[in-house]
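Sequential numbering from 1 along the given sequence is applied to the chain's residues.
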Amino acid sequence: RMVLDTDDLAPPVGPTEDPQDAARRRHKAVAEKAVRARDHLFAKGVIAMTADWLWLTGKDVRGFGRVPQAGSAQDELPMQQAAEPSFPPQASAEDEEALRIFEGGM
């Protein structure tokens, strides 16, 4: 079962419930489940985080492959000119939504 399996989070829309309220309730349940998963991974030392960043610590997790060390992915790629990054980086609407869910908002 997936960590964020949403099939069991919210019952179907009731006869007196507005579909938007049901969608809002389901969204809130998914967001709360994501926060609980994040907190669990942090407590186990699998991830570390600051107010703005989240990263893997490199701790081994049973059932998953080893986390590549910093720079190892670059060592395996052929040499090529990297594209110029935009400063500041522009977040997509999908990034904004994921960040809002991660931070516990709606």
Side-chain angles (χ1 to χ4, degrees):
R1 184 173 152 174
M2 293 180 57
V3 172
L4 293 177
D5 184 11
T6 60
D7 292 338
D8 61 343
L9 291 179
V13 179
T16 61
E17 186 176 30
D18 180 21
Q20 288 181 342
D21 290 339
R24 202 173 298 116
R25 183 169 38 95
R26 185 179 188 96
H27 178 80
K28 183 177 179 183
V30 170
E32 289 171 355
K33 201 167 189 180
V35 168
R36 285 193 301 272
R38 181 201 63 196
D39 292 345
H40 178 77
L41 291 171
F42 180 74
K44 296 293 183 182
V46 175
I47 61 171
M49 58 187 167
T50 63
D52 297 328
W53 297 92
L54 175 116
W55 62 94
L56 295 171
T57 62
K59 179 179 180 177
D60 290 335
V61 178
R62 186 178 8 169
F64 292 88
R66 294 185 64 87
V67 175
Q69 297 302 316
S72 65
Q74 289 296 327
D75 297 338
E76 298 170 6
L77 296 175
M79 293 299 290
Q80 61 185 17
Q81 182 66 32
E84 287 293 319
S86 62
F87 290 102
Q90 300 299 315
S92 68
E94 185 177 320
D95 293 336
E96 295 291 337
E97 175 69 13
L99 181 61
R100 195 168 70 244
I101 291 171
F102 176 77
E103 292 175 340
M106 284 205 30

Legend entry - salt_bridge(Arg24, Asp21) N-O dist < 4.0 Å: yes
Legend entry - Euclidean distance, His27 NE2 relative to Glu32 CD, rounded to 0.5 Å: 10.0 Å
Please tabulate, for side-chain N and O atoms in residues 55-64, each donor-acceptor pair with protein atoms closer than 3.5 Å (sequence neighbours left out).
{"from": "Thr57", "atom 1": "OG1", "to": "Gly45", "atom 2": "O", "distance (Å)": "2.6"}
{"from": "Thr57", "atom 1": "OG1", "to": "Val46", "atom 2": "O", "distance (Å)": "3.2"}
{"from": "Thr57", "atom 1": "OG1", "to": "Lys59", "atom 2": "N", "distance (Å)": "3.3"}
{"from": "Lys59", "atom 1": "NZ", "to": "Lys44", "atom 2": "O", "distance (Å)": "2.5"}
{"from": "Asp60", "atom 1": "OD1", "to": "Arg66", "atom 2": "NH1", "distance (Å)": "3.2"}
{"from": "Asp60", "atom 1": "OD2", "to": "Arg66", "atom 2": "NH1", "distance (Å)": "3.1"}

Inset, instruction - Indicate if Val35 and Met49 have the same hydrophobic cluster label, given that clusters are the connected sets of ILVMFWY residues with side-chain heavy-atom separations under 4.5 angstrom. - result: no
